Each structure stands twice: as C-alpha cells, then as structure tokens.
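A short write-up of the structure that comes next.
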Amino acid sequence: MEIASNLLLGLSVALTPENLLYCLFGVFVGTLIGVLPGIGALAAISMLFPLTFHLEPTTALIMLAGIYYGTAYGGSTASILLNIPGTTSSAVTCLDGYPMAQQGRAGVALAMTAFASFFGGVFGILVLSAFTPLVAAWALSFGSAEYFALMVLGLVAASTVSDGSPVKGLAMVVLGMLLATIGMDPQSGVARYTFGSLSLLDGLSISALAMGLFGVAEIITSVRANTGRTIQARDVSLRSLMPTRDDFRRSWMPALRASTIGSLFGALPGTGPTVASFVSYGVEKRIAKDPSRFGKGAVEGVVAPEAANNAADQTAFIPTLSLGVPGSATMALMIGAMMVHGIHPGPNLVTEEPELFWGLVMSFWIGNLMLVILNLPLIGLWVRLLTVPYKILYPAILMLVCIGAYSVHYKAFDVMVVLGFGALGYLMRIFSMPAAPLLLGFVLGPLIEQHFRRAMVLARGDFSAVIERPISGTVLLITLLVLVWSLWSSFRKRRQTLAAATPGSRIEDED
Amino acid sequence: MKLIKLAAMATVLATGAAQAQDFPSSPVTIIIPYGGGGSTDLIARALANELGQMWDQSVIVENRPGAGSMIGTAFLAQAKPDGYTLLVNTPAHATAPAVQKTLPFDPKADITPIGMVATSPYLAVAGTAVQSTDLAGFVAESKERPMFFATAGVGTSSHFAAELLIQQAGIDGEVVHFAGGGEAQTNLMGGHADVYISNTASVMPYVNNGQVKALTILGASRYDALPDVPASGESGANAIDINSWVGLFAPGKMDPALVEKLNADMHKAVASETFKKVLADNFVLPGSGSAADFKAQVEAEMELWSTLATERNIIAE
C-alpha cells in the first residue's frame, strides 16, 4: 500500500504542467543530442546546468535526467543509419544495426530500438522504484575484488563481439587495453606513455576514441569507396517500418536478459551503459542458436545493447540518489543540481524528500513514454536522412564530431585524438581488424587493472584472498566455466568443419 | 592606418595605469579545473554570479578538468595577467605540483594567488570496518589491524592529508587510491577500506546521513558543526596545522593594484548573504586575508607537501 501512495505522490509531482514541460524539453533535447554524433549527454547537461540555479530542484533534475536517458534513445539512430554511433554506449548497435539498414530494414531497426529502449528503460525504473535500498546495499558489498571478477567475466562474455578472425579480435582487445594504460598510473602516480604531455596524463578520452574509430573511419571509408555511388531514396512508407511478428518473437528474451544485465551494471558506480551494451551483446551472441547471424543484421544484436544501455541509464540513479555517490561525470552533475538547493542525496533522501525522489521516478515513466511517442514518428524523418547526399552529410557530421570532442573538456587535443583514431580506424578496416573489440578493451582494461591493483593492495598482495571472497570467487569460477565451454565448443565446431571441409576451405578458415 | 596604430599604442599605455580602476570593461572568465557538479564547482559558480552582479559584467564559468586540476591551471598560466581570466582551485593547487614534476609552468612564478574564498578543516571519517570512535582509539586499533586510508587519487589533498596523519599520529596504515572521493567513501561504507580524509564539503553530507562516522578533525581545534568530534591536536598529533580552502587565482606577473582590487571585490562577494548561504550549504566558512597572506599560505603548503612527498616516498620514479 505504501508503494502505491508513494507512486501517487510522485505522479502528482511529475504531472504538474511545469514538470511535464521540462520533462518534454529534457527528453527532446536528449534525443537530439543522442542522434548527433559526437555531442554527448555530458556536454549538453553541463551547458544546461546553470539553469538549475533558477529551477525547483525536482524540476531541474527531471529536465537533466530527461536529457540523460533521452540520449540513449537517440544514440542508436546514427549507429543504424550511418554506422556512426551517436553515443559511446551505442557503438555496439552499429554491428547489427547498420547491416539491417543496408538490407533496407533501417526503419525496422529503428522501431525495434525504440521498443527495446522503452523496455529497458521501464525495466530499469521498476528496479529503481521497487528495489533501491536493496540494490544500493548490494552495490556497497562490491569491493574492488568483486569489480575485478565481474569485469573479467564481462570481458570474456563480450570478447566474441566481432565477426571473423578470433585472433584479430583478441589482438584488438589487447590493443585497446594497452591504449588505456596511457596516463597516470592510478596506484603509483607514475606517468605512463605521456611523454611529458599534461593532456595525456588523464589518458585518452573514450568519446574521442569512439568517435574517431567508428565515426571518422566510417566517413573516410565511405568517401574512398563512394566514387559515383548514388544514394537511392528508400521506401519509407509506414508499412516498411513495422517490425514483423518474427522480429518481436526473437526480441523478447534478449530484451529481458539485456535489461537485467543493464540494470546490474548501471547500479554499480563506475561501470555503466557502455559496458552493459557490450556484455549484453556478447551474451546474446553466445547463447544464440546460430551465432553466425550476428554482425549480419540480427535483430537481437540491436535490441540487446539498446535495452541494456537504457536500463543502465535508469539504474545509475540508484547509487546517485540512495548513496549520494555519482557513478559518472554526468551523475555528478545530477548531484550538483541537488546540492545547489542544499539537498544532499543519501539513504535518507527517500524519507526526507519523498516528493523529489518519487516525483523523479514517476517522471522517468512519463519521459520514457514521451520518448517512444516522440521517436516512432521521427523514424520516417531519420530514414530520409539517408537520402541526403554524402557530400553534404559527411562534412556536417565531421564538424559535429570535432565540436563534440572539443566540448567535453574544452581541449583541442581531444580533436587531434579523434583524427588520430580516425586514421587508425581506417587502417584497421583495410586490414579487416574489427573496431568494437578495441573499444571493449579500452573500456574494460582500465577497470580490470584499477580494481585488480586495488584488490591486491587491500588483500596485501595475496591473490587467494580475492578468490576466497564469495562473490568474486563465484564470478571468477563462472568466468572459467565460460572460457572452458567456449574453448570446448569451438574445438568441437572446428572438428566438425574439419571433417566436412575440403582442404581449400580449411586454409580460408584459418585466416 | 597610422592613427589606428597610435590609438592602439595609447590604449596599451593607458591600460597599465587605468587597468585596476576600469576593471572589468568586458566579460571575465573564471576557470574551474574540475568537472561540473562538485562542491568547488558550485562555490565557484556562485562566486561568478556574485562578481557578475557587482561588476555588471558577464562572468563566464568554464570547466577545464584534468590532471588533478593542473590542465586548467596550465591554461591560466598562459593567459594574460589582465584579470579577465581567473581560476578557482583547492589545495590541489599545492598538492598536484608535489607529484607532477613536469608541469609546463612554474606554479609559483606563473600564478598569482588572489585570495581565499572559503576555508574548512580536514575531517577524517571512518567506515563500517572501524570500531573506534576517536583518534586515540583508532591508533591503538591500527596496531592490531593495520588500516587502509582511502584517497580520491594519487596526489590529491586526501592523499597528502592521509600521509600526514599516518606520519604524525603514528598510525599503522597505508593508502589505497580510488577514482574520486565518492568511490573512496562508498568503499568505506562497504567496509572495503577504513578511513578517508577530505574537506568538510565532501564528507559532511555522508556524516550527516550516517553513512560514515567522523573520527577526528585535523588540526588544533574542533569544528563548530561537529562539537563532539575531537581534534587531532587533542590526541597528541600536534604538528598538524592544515586547512582546506577554496581560493581565487590569476596568471603570474599581475599588476599589484589589480591584485588588490580583485582581492577586495572577492571579499565583498563572499560577504553577501546569498553567497554565505552557498558556503553554509557546503559546510565551509568564508575565507579572509589579503592576497599576500594567501600567497604565503599557498607557498608554505607547496613546501610542506613536496617535503612530505619525499619523506613518505609518495612518487615512484
């Protein structure tokens, strides 16, 4: 009964005309920011942050949060249509979203993304409204040993993201991890590979890396390949946008699994939507009956990462609101918006500021509904974007990417990083080296390293202490099982292929 | 053409003398060398707001985070010392140079301290794994179970304050670095690390929410908002005399008249009712003193931390 009255209270706050208006404004700006490659939620929220001084704290939060989860809806649009992720957490969506678009199923992919995002978002809100204290306590029990184990599992689970040669994929994961070591060593303070540059002391910017590797590389490739190719206006009638019954049938379970994974990673401070999208994609590919469909336009490959990153965006509010601990730079701004008004979020927020907490939670429902209603009709518009000649579209995107890279830290250096990774990304495409594993390594590498180093300090250098902890030990055991299972299954598959294949195709297989 | 050149020269000559009186005649930028949303960010934004109203000029706030505040400071060092580019920083201004040996500027010569905006004591807070409630008990407890001091990162003030307390109070403990104060305190709450030291702005919210417990105030005297929490001086660690602060900085080689005007205007802004409320919300006290006082304090801290860095072998070469 208490939950009902809380929800009613929240609804009464969220439904005031002012809050509705700011919610709509937030999700609209968020969608837009998400669609535009390069410019992310952090930059947009930073720019609108001063507005919070003049707003009620609840209203301010509703607006800022709307921008935040709105970007996750919009982020996949450019991934699907142009193979350029709008946000880092939508990079994985390129893998199957873009092939779908090439098969003329762009509208379907976008529609499924909107549904998946809504599903993930709603799932995340359910977790947020029902289990916040529980999840917060659970997140606190996670020390560095547990994070380390979980990140290793994530790496193993997601290491299959790319198609083609496993050796090349693995090499790219390692390269990503190596690139992530640039900067100040978090435990000793030693500057690694910075060559005395202050800009490199904090390492390479992840959004700059993702924009270069995916965005700029795609643009260079298209320009090189696009000699005389004409863009045809595709059939964008509403009928062609509708996913088939088969698309829905395939998507339920992936959406559910991905939402669970997303909720988990979102609630842990310091991980977040990008990790969640990678892991959920990896999981779907692993448990699929026919993994070879992935990377060629499998609808699950679009649904899973999008459900996961939206769920993660919502559950990221759990540590923010109930512990007062920001899990990311964006969440720090959310806390700032409350501190401006003298509110310090923590375990007592729900009881001391029920209007704020439940009002915000209910605004998430409303915001997610608005996003679906907003995004479905926009699909037709976005698909028409493909009819814009590339010679107009690409320079504009390149500009946006550069502005976006600059706007995060006001550093011209980050723009150079984008260009550098654009060149690297193009080279990698020539040698058919996949980019997604590099990003995966870059995201998970530093998490694994930091948590491992810290866990070892806290265990006074005794690795068995890491294994003996119940959660980390179990997770590491699962990791081992997954590794053994995948080695065994690939061995078995290889034997089958060897038995069936002719010598000629065997050589090809080893490529 | 000649006329324009002459006019330009005349302007250059005139600005030297009239700079302080006319300041500011165009928008002023205040750099925050951190990302948005933290207490320093909020205090700096409130200060910008007050100064903007006082000067009837727009005062623009720019977040330039990175390298433990040194990216923003390096940017300030390159700006013209005309008062139109200022920076708000914390004791990181003195701790970061103690670990970063290859800064592209001289932290003493290329930066002019203007004045102290706010000040607060350092507070050591303990997590669920710690039994004792005061420093004396904590020192004893550490002899049985060596303690982990969580920091907000290598070279941050929480790192140096921890090293100082370990050294001065004779605690059996070592530091473990986290990615920011939030993560450090989460690990205290979860019982994965034991103690965290920072300014009251970053720890008081968690103390008030009962998520961590206040162990001791670093310094000789207690803190008004926590009258029951003993100061470290009461437990024999007499040599600790440090306070956290938020300060205003300008580029080096600034005209003394302009420095004085900026210091006076800053104090006027700090004294306003709206600003006082912001300070109180963040558990900090208004700052005081001349630019020279502040410069002396900043330089003394630079000495203290760089000596401590050597003594405690903080930087691995």
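Computed from a predicted model, the values in this text were never measured in an experiment. Each chain gets a letter, A, B and so on, in the order its sequence line appears, and its residues count up from 1.
- Residue with the most contacts toward chain B among A:A329, A:P186, A:S197: A:P186 (heavy-atom pairs, distance under 4.5 Å).
- Between A:S144 and B:F178, the shortest heavy-atom contact is OG-CE2, 4.5 Å.
- Summarising the geometry of A:L198 relative to B:P104, their closest heavy-atom pair is CD2-CD, 3.8 Å, with the distance given to 0.1 Å.
- Residues A:L323 and B:Y206 form no side-chain contact, since every pair of their non-hydrogen atoms from C-beta on lies 4.5 Å or further apart.
- Here B:P146 is the residue among B:G155, B:P146, B:S39, B:A46 with the most heavy-atom pairs under 4.5 Å with chain A.
- Taking B:Q211, B:M204, B:M189 one by one and counting their heavy-atom pairs under 4.5 Å with chain A, the maximum is reached by B:Q211.
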Donor-acceptor pairs under 3.5 Å, side chain of residues 62-74 of chain B to any protein atom, not counting sequence neighbours: which ones?
unit_1, atom_1, unit_2, atom_2, d
B:E62, OE1, B:R64, NE, 2.9
B:E62, OE1, B:R64, NH2, 3.2
B:N63, OD1, B:R45, NH2, 2.8
B:N63, ND2, B:Y34, O, 2.8
B:N63, ND2, B:D41, OD1, 3.0
B:R64, NH1, A:Y410, O, 2.9
B:S69, OG, B:N89, ND2, 3.1
B:T73, OG1, B:S69, O, 2.7

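- Contact annotation for residues 51-67 of chain A against chain B (heavy-atom separation below 4.5 Å, listed by residue number): A:F53.
- Closest approach of B:G36 to A:A332, counting heavy atoms only: O-CB, 3.9 Å.
- The contact between A:M339 and chain B is made by backbone and side chain atoms together, counting heavy-atom distances below 4.5 Å.
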For residues 345-354 of chain A, which side-chain donor-acceptor pairs fall under 3.5 Å, sequence neighbours excluded?
unit_1, atom_1, unit_2, atom_2, d
A:N348, ND2, B:N209, OD1, 3.2
A:T351, OG1, A:N348, O, 3.0

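- Within 6.0 Å of OH in A:Y193 there are 12 or fewer heavy atoms belonging to other residues, nucleotides or ligands.
- Side-chain atoms of B:F148 and A:R454, non-hydrogen and from C-beta on, never get closer than 4.5 Å to each other.
- Ranked by heavy-atom pairs shorter than 4.5 Å toward chain B, the options A:P269, A:S141, A:S46 are led by A:S141.
- At least one donor-acceptor pair under 3.5 Å links the side chain of A:Q187 to the backbone N or O of B:H177.
- Residue B:V175 touches chain A through its backbone alone, counting heavy-atom pairs closer than 4.5 Å.
- Residues of residues 274-284 of chain B placed with any heavy atom under 4.5 Å of a heavy atom in chain A are listed by number as B:D281, B:N282, B:F283.
- The greatest number of non-hydrogen atom pairs below 4.5 Å with chain B, out of A:V325, A:T194, A:I45, A:L201, is found for A:V325.
- For B:E174, the part sitting under 4.5 Å from any heavy atom of chain A is the side chain, from C-beta outward, and nothing else.
- Highest contact tally toward chain A, considering only B:N49, B:V176, B:N187, is held by B:V176 [criterion: heavy-atom pairs under 4.5 Å].
- Of the atoms belonging to A:L140, heavy atoms from both backbone and side chain fall under 4.5 Å from chain B.
- With respect to chain B, the highest number of heavy-atom pairs below 4.5 Å among A:M334, A:Q450, A:R453, A:R460 belongs to A:R460.
- Around atom CZ of A:F131, no more than 12 heavy atoms belonging to other residues, nucleotides or ligands sit under 6.0 Å away.
- Distance alone, capped at 3.5 Å, places no donor-acceptor pair between the B:E183 side chain and the A:G270 backbone.
- Taking B:N208, B:T102, B:L42 one by one and counting their heavy-atom pairs under 4.5 Å with chain A, the maximum is reached by B:L42.
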